[in-house]
Amino acid sequence: NNGVHVQNGVNGHHDDSNPKVNGVHNSEYIEADFTERYTVYSQDEQKYENVLKQHKITTEKRVPKLGVMLVGLGGNNGSTLVAGVLANKQGLSWETKNGTQQANFFGSFTQSATAHVGFKIDEKSGSLADVHKPVKEILPMVNPCDFEITGWDISQMNLYEAARRSKVLEPDLLRQLKAQLENIKPLPAALNQDYIASNQADRADNILTGTNQEIVNKLREDIQQMKRRTDKVIILWTANTEQYYLPEIATVDDLADKIKNNDPLPASVLYCIAAIEEQVIYLNGSPQNTFHPGVVEYARQNGGLLAGSDFKSGQTRFKTMMSDFLIGAGLRLSSVVSYNHLGNNDGKNLSEDKCFQSKKISKGGVLDDAIASNSILYPDGHASIDHEVVIKYVPFVGDSKRALDEYTSQIFMGGTNTISSYNICEDSLLAVPIMIDMLVLGELLTRIKIDGNGLGPVLSYLSFFFKAPITNHSEYVVNSFSRQRHTLINFLKAAAGISPDDQTLIGFGY
Ligand code: NAD
């Protein structure tokens, strides 16, 4: 049989009526025994030890009714997410100049990607084949069509007008959704105008007033309203990129003082505090430094859950794949130069330097782990690579963002290898499926316990979706596209009672 020995042929079968060895199902939980294997080195890396650790991973099976609250509901991403979910829920199709288009979730990892979950062996011929499963089928997950969505925006425009303003979706689709979208109006928002570009002032007609504490209280009331209508709530910041707030809020006391003394804080900090106090997840889709040490500690103390920052949708995703490919192949990537131009409101906001600086920082660190992984090519660390990022606002191109990248590597015997890429993408149509993923998976992570403990305060398994991921180990961040994807998939598989791939293929006589 090709050297294949299947130990306990029923492992991983998910059949409620017939509990199995791994991934045992009962009516409420999936319980998986998982043996984690890794190698630990001494500080001088001269000695190592292989570690085997037993874990019990428990996943609550009941999928809740999920309430999604978007900060920036009326923006390009916000309005596209609402219209996209409604269109999918109703199975709509619409006319375009290229023919009829059907609603889909392309670009969503949970809804449209598959994962390698194992192998099957033909009993007669002994031939070997892969088994892939849709990611959404590995564990019970919320269906995005069932999201209940509301949110805040500094612009009071209803979502039909907001979607038209965004110029992302086709008119024939928006016409079909007109009545529903017109009914959705953003809640009044927290805003500190000093932290976003001054060119945003003309859309700010829907603002909460009051002290820091009063505004946090009002945001909490909005969240409580949503809690009454749903089982669980997640807040997702998809509003304008804010300027960095410095110096960082170092401690919980520092944070409390700033709230009490009514120090001018960026709005994102107030939303995040409200989320932590309501014990709902707060996801940060923009680059600003909302997750100050004092804020993360406050979340730890209050059972808050955080993940971010800055959606990793286009250029950065590509960059972390290119560095996997080049550095992983032993080529010395020596210069990475990225130009972007875009004409949507995000681009307008980023045209002011204080906001662009936040984006530059977030895009700047994405190669660090790839460089640190190879001391042959980079004995001096990341200082030895040139990495530049330029972003320009060009209104005419609207949401259709252009990203021009040049990757130059030093190759064998002093040669040079230059790869240029030119990416034209509709920015919000790449970002929205990722937003859907972080909502679906963020919710799932709240139902998972490892050895009896919940995850958090940082939901690091969502790193795959963020440009500048934060983790529960501030010194340890993975940016590599392939590693992030493996980590997430292997974690989901382990929770489902399916063995993560060790990729050796030894047992199959490969
Ligand atoms: P957008 O400007 O169209 O939308 C932002 C919305 O937020 C606007 O409607 C604005 O009125 C609102 N807003 C601003 N401040 C607010 C506040 N304090 N409270 C509530 N609402 C507020 O931008 P977008 O294209 O939808 O992108 C949203 C964010 O996502 C940006 O910060 C952008 O940098 C980030 N991002 C987007 C992508 C992508 O689209 N591919 C990728 C990475 C990050």
Side-chain angles (χ1 to χ4, degrees), residues 69-82 107 150-159 161-163 165-168 185-197 199-208 215 218-219 222 235-243 265-272 274 283-288 290 308-318 340 342-352 355-356 358-363 366 391 393 398-401 403 423 425-435 438 465-468:
M69 300 188 80
L70 300 178
V71 188
L73 179 68
N76 281 28
N77 287 346
S79 58
T80 306
L81 186 142
V82 174
T150 63
W152 303 268
D153 204 291
I154 59 173
S155 159
Q156 61 177 312
M157 197 177 264
N158 72 56
L159 272 247
E161 292 303 336
R165 174 179 60 187
S166 296
K167 299 185 187 150
V168 175
K185 296 193 180 79
L187 297 160
L191 174 68
N192 183 339
Q193 172 74 54
D194 291 345
Y195 282 86
I196 59 171
N199 62 30
Q200 299 295 304
D202 56 349
R203 62 196 284 152
D205 59 4
N206 195 34
I207 310 298
L208 291 170
I215 290 173
K218 179 68 189 66
L219 297 174
D222 294 338
I235 295 178
L236 169 53
W237 176 281
T238 180
N240 292 33
T241 295
E242 293 177 328
Q243 179 186 357
L265 290 169
S268 61
V269 172
L270 302 182
Y271 284 102
C272 188
L283 306 171
N284 180 24
S286 301
Q288 68 269 353
T290 308
S309 291
D310 203 5
F311 304 129
K312 182 171 167 177
S313 55
Q315 189 177 50
T316 305
R317 262 196 164 185
F318 190 69
N340 302 262
L342 70 170
N344 56 19
N345 189 53
D346 183 26
K348 189 176 173 190
N349 184 61
L350 293 175
S351 68
E352 224 159 87
C355 299
F356 167 66
S358 301
K359 201 58 134 184
K360 192 172 173 177
I361 295 169
S362 154
K363 282 180 173 258
V366 304
I391 302 180
Y393 175 50
D399 203 54
S400 176
K401 179 165 134 184
N423 175 216
C425 68
E426 285 154 291
D427 218 14
S428 306
L429 297 179
L430 282 184
V432 165
I434 288 174
M435 294 160 69
M438 57 180 73
F465 307 107
F466 292 113
K467 264 202 258 304

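For ligands, and for the atoms within them, numbers begin at 1 and follow the listed sequence.
The closest approach between Leu430 and ligand 1 stays at or above 4.0 Å for every heavy atom of the residue. Remark: distances from the non-hydrogen atoms of Asn349 to ligand 1 are all 4.0 Å or more.
Contact annotation for Lys467 and ligand 1: only side-chain heavy atoms (C-beta onward) come within less than 4.0 Å of the ligand. With a 4.0 Å cut-off on non-hydrogen atoms, Asp310 touches ligand 1 through its side chain and not its backbone. Of all the heavy atoms of Ala162, none lies under 4.0 Å from any atom of ligand 1, so neither backbone nor side chain is involved.
Under the 3.5 Å distance criterion, with hydrogens and angles disregarded, no donor-acceptor pair is assigned to the side chains of Asp194 and Gln243. No hydrogens or angles considered: nothing links the side chains of Arg165 and Ser79 as a donor-acceptor pair under 3.5 Å.
Atom NZ of Lys348 is surrounded by more than 12 heavy atoms from other residues, nucleotides or ligands within 6.0 Å.
Taking any N or O of Arg165, backbone or side chain, none lies under 3.5 Å from an N or O belonging to ligand 1. Any N or O atom pair closer than 3.5 Å counts here, and Ser155 shares no such pair with ligand 1. Checked by distance only, ligand 1 and Trp237 stay at 3.5 Å or farther apart across all their nitrogen or oxygen atoms. Every N/O-N/O distance between Ala431 and ligand 1 stays at or above 3.5 Å. Between Gln200 and ligand 1, not a single N/O pair is under 3.5 Å apart.
Distances below 4.0 Å separate heavy atoms of Ser286 from the following atoms of ligand 1: 29 (C), 30 (O), 31 (C), 32 (O), 35 (C). Set against the non-hydrogen atoms of Tyr271, the atoms of ligand 1 under 4.0 Å away are 19 (N), 20 (C). For ligand 1, the atoms lying closer than 4.0 Å to a non-hydrogen atom of Gly74 are 9 (O). Every atom of ligand 1 with a heavy atom of Thr238 under 4.0 Å away is listed here by number and element: 5 (C), 28 (C), 29 (C). Interface atoms of ligand 1 facing Asn76, defined by a heavy-atom separation under 4.0 Å, are 1 (P), 3 (O), 4 (O), 25 (O), 26 (O). Of all the atoms in ligand 1, the ones that sit under 4.0 Å from a non-hydrogen atom of Val71 are 19 (N), 20 (C). Every atom of ligand 1 is numbered from 1 in the order shown, and the set under 4.0 Å from a heavy atom of Ala190 is 17 (C), 18 (N), 19 (N). Heavy-atom contacts of Ala189 reach the following atoms of ligand 1: 19 (N), 20 (C) (cutoff under 4.0 Å).
In terms of the side chain to side chain contact (heavy atoms under 4.5 Å, CB included) criterion, residue partners of Gln156 (sequence neighbours excluded) are, by chain and number, Asp205, Asn206. Every residue was checked against the side chain to side chain donor-acceptor pair (under 3.5 Å) condition with Thr150, not counting sequence neighbours, and none meets it.
With rounding to the nearest 0.5 angstrom, the CG atom of Asn344 is 4.5 Å from the CG atom of Asp399.
Nearest to atom 26 (O) of ligand 1 by heavy atom, out of Asn77, Leu270, Leu350, is Asn77. Here the shortest heavy-atom distance to atom 13 (N) of ligand 1, taken over Gly314, Gly75, Gly347, Ala239, belongs to Ala239.
Arg203 NH2, 3.3 Å is the protein heavy atom nearest to atom 8 (C) of ligand 1. The protein heavy atom nearest to atom 5 (C) of ligand 1 is Asn240 OD1, 3.3 Å. In this structure, the protein non-hydrogen atom closest to atom 42 (C) of ligand 1 is Ser313 OG, 3.5 Å. The shortest contact between atom 16 (C) of ligand 1 and any protein heavy atom is with Ile154 CG2, 3.5 Å. Among all non-hydrogen protein atoms, the one lying nearest atom 41 (N) of ligand 1 is Asp427 OD1, 2.8 Å. Scanning the protein heavy atoms around atom 2 (O) of ligand 1, the nearest turns out to be Asn345 ND2, 2.7 Å. Ranking protein heavy atoms by distance to atom 36 (N) of ligand 1, first place goes to Phe311 CD1, 3.7 Å.
Checking each of Val71, Ile196, Leu208 against Ile154 for a side chain to side chain contact (heavy atoms under 4.5 Å, CB included) leaves exactly one that passes, namely Ile196. Checked options Leu159, Asp153, Asn158; the residue passing with Lys185 is Asn158 (criterion: side chain to side chain contact (heavy atoms under 4.5 Å, CB included)). Considering Ser428, Ser166, Ser313 as possible partners of Asn77, the one that fulfils the side chain to side chain contact (heavy atoms under 4.5 Å, CB included) test is Ser428. With Ser268 as the fixed residue, the side-chain hydrogen bond (donor to acceptor under 3.5 Å, both in side chains) test singles out one of Thr290, Asn192, Thr241: Thr290.
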- request: Determine, stepwise, if the pair Asn199 / Ser351 fulfils side chain to side chain contact (heavy atoms under 4.5 Å, CB included).
  value: CA-CA 9 Å; Asn199 62 30; Ser351 68; 3.5 Å; yes
task: Test Val432 against Met435 for side chain to side chain contact (heavy atoms under 4.5 Å, CB included), laying out the working first.
output: CA-CA 5 Å; Val432 165; Met435 294 160 69; 4.2 Å; yes
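The aromatic rings of Phe311 and Phe466 lie parallel to each other, with less than 30° between the two planes, well short of the 60° mark.
Side-chain contact between Tyr195 and Gln288 is absent, with no heavy atoms from C-beta onward closer than 4.5 Å.
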